[in-house]
Amino acid sequence: MTSTPVAVVASDAEDQPERTPELEALYRGFEREMLIPLWTEIGDLMPLAPRSRAVPHLWRWTNLLPMAERAGELVPVGRGGERRAIALANPGLAGRPFATPTLWAAIQYLNPGEDAPVHRHTQNAFRFVVEGEGVWTVVDGDPVAMRRGDFLPQAGWHWHGHHNVTDRPMAWIDGLDIPFQHYADSTFFEFGPDEVETREAPDRSRSERLWGHPGLRPLTHLQPTPATPLLAYRWEHTDRALSEQLALEAEGYRATVEPGHAAVRYVNPTTGDDVMPTLRSEFHRLAPGTATEPVREVGSSVFQVFDGAGEVTVAEHTWKAERGDLFVVPSWQPLRVATDGGLDLFRFSDTPIFEKLHQHRVKGDHQ
Ligand code: GTQ
Ligand code: FE2
């Protein structure tokens, strides 16, 4: 019989009956018959508000990158392991390679001339590049260049492999809904060819040539699709959108989410919704001297500092975060970010899951 910490039990411990021999016998009977009563579990299962087992945690890029480089020397990439990806493992999640209960985040590394073999899976995925270039990710045969600041979504069940065509190694981060699909028992996987099907390295993918024109929809593709058909969201567009928001704010127009805080969401151009059914991705820019209002929300997030530096506070943890550092915000824990010199932050979260299920809640501490 598992016990529940008394302090968090909604109904008090004095509500529990005395452990008489008759009651002990009943509990042993429950155990034998694989039964568990609600009254000993309710505090854990039905708390007054989310109490994530995940904890706030920050991983330093200056620690991650050298280890990925070392893995590049010692560990081959190929069939079976599939990817030289090293996952962020939340200290609260029992040694599993999960950043949060729903989200996978990893650093991936590919040496010059290497191929990561083609496969597909039901898990939704994306790549985000904090530094470097030279890898093309090939999605359903369409080679997509990866460069600093680019966001590259790859929705579930599309074939994908990566190849490095340059003479320099490259690292990037992956985000996937692996833990969510793992706990939900909804995962399927298929191997493709051992090598990527093309070594082409065009500047623009076919997907960008078709979809990468702001506000313009090809008339051959009027049906909404559940995930974005655009395979690259380029840094030059993200950067310009954010600097224009701050410029408009300075000119007196309402363009920022709060003073000094510009933000964009990556969206599916066929619907205007999130890029993938389970994953939300955003980019936030804080002007120098900005501090955000604390916010808590249902669902978990992973952030990566793209540029600048700032002070990040999640519940009672505070870190000085710098370029490349990654941190997690568990469900319903308040986040506040402040910067002196300016801060660019990439963010992804599981929010679309909760919005679709009408379970999403947001609360500013000032509300
Ligand atoms: O690059 O296809 O970090 O399938 C985890 C699973 C990366 C990938 C990960 C994957 C990939
Ligand atoms: Fe994959």
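Indexing begins at 1, ligand by ligand and atom by atom, following the structure's order.
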[X] ring center near [Y] ring center (under 6.0 Å):
{"X": "H121", "Y": "H158", "result": "no"}
{"X": "H237", "Y": "W235", "result": "no"}
{"X": "F98", "Y": "H182", "result": "yes"}
{"X": "F189", "Y": "H119", "result": "yes"}

- With a 4.0 angstrom cut-off on heavy atoms, strictly below it, pick out the residues next to ligand 1 and order them by chain and number. R83, A85, W104, A106, Q108, H119, H121, R127, H160, H162, D174, L176
- Query: So which of W104, W172, F151, Y233 actually passes ring pair (Phe, Tyr, Trp, His ring centres under 6.0 Å) with F126?
  - Reply: F151
- Message: Students often mix this up, so state it plainly: with edges at 30° and 60°, are the rings of F283 and F306 parallel, tilted or perpendicular?
- Response: perpendicular
- Query: For the residue pair W59 and H57, does the interplanar ring angle fall in the parallel (under 30°), tilted (30 to 60°) or perpendicular (over 60°) class?
  - Reply: perpendicular
- Query: Got a sec, which pairs hit salt bridge (charged side-chain N to carboxylate O under 4.0 Å, His left out) with one end in residues 163-172, sequence neighbours left out?
  - Reply: none
- Query: Which protein N, O or S atoms does the Fe ion (ligand 2) have within a distance shorter than 2.8 Å?
  - Reply: H119 NE2, H121 NE2, H160 NE2
- Contacts of R265 meeting side-chain contact (heavy atoms from CB on, under 4.5 Å) (sequence neighbours excluded), chain-then-number -> V267, D274, R280, E282
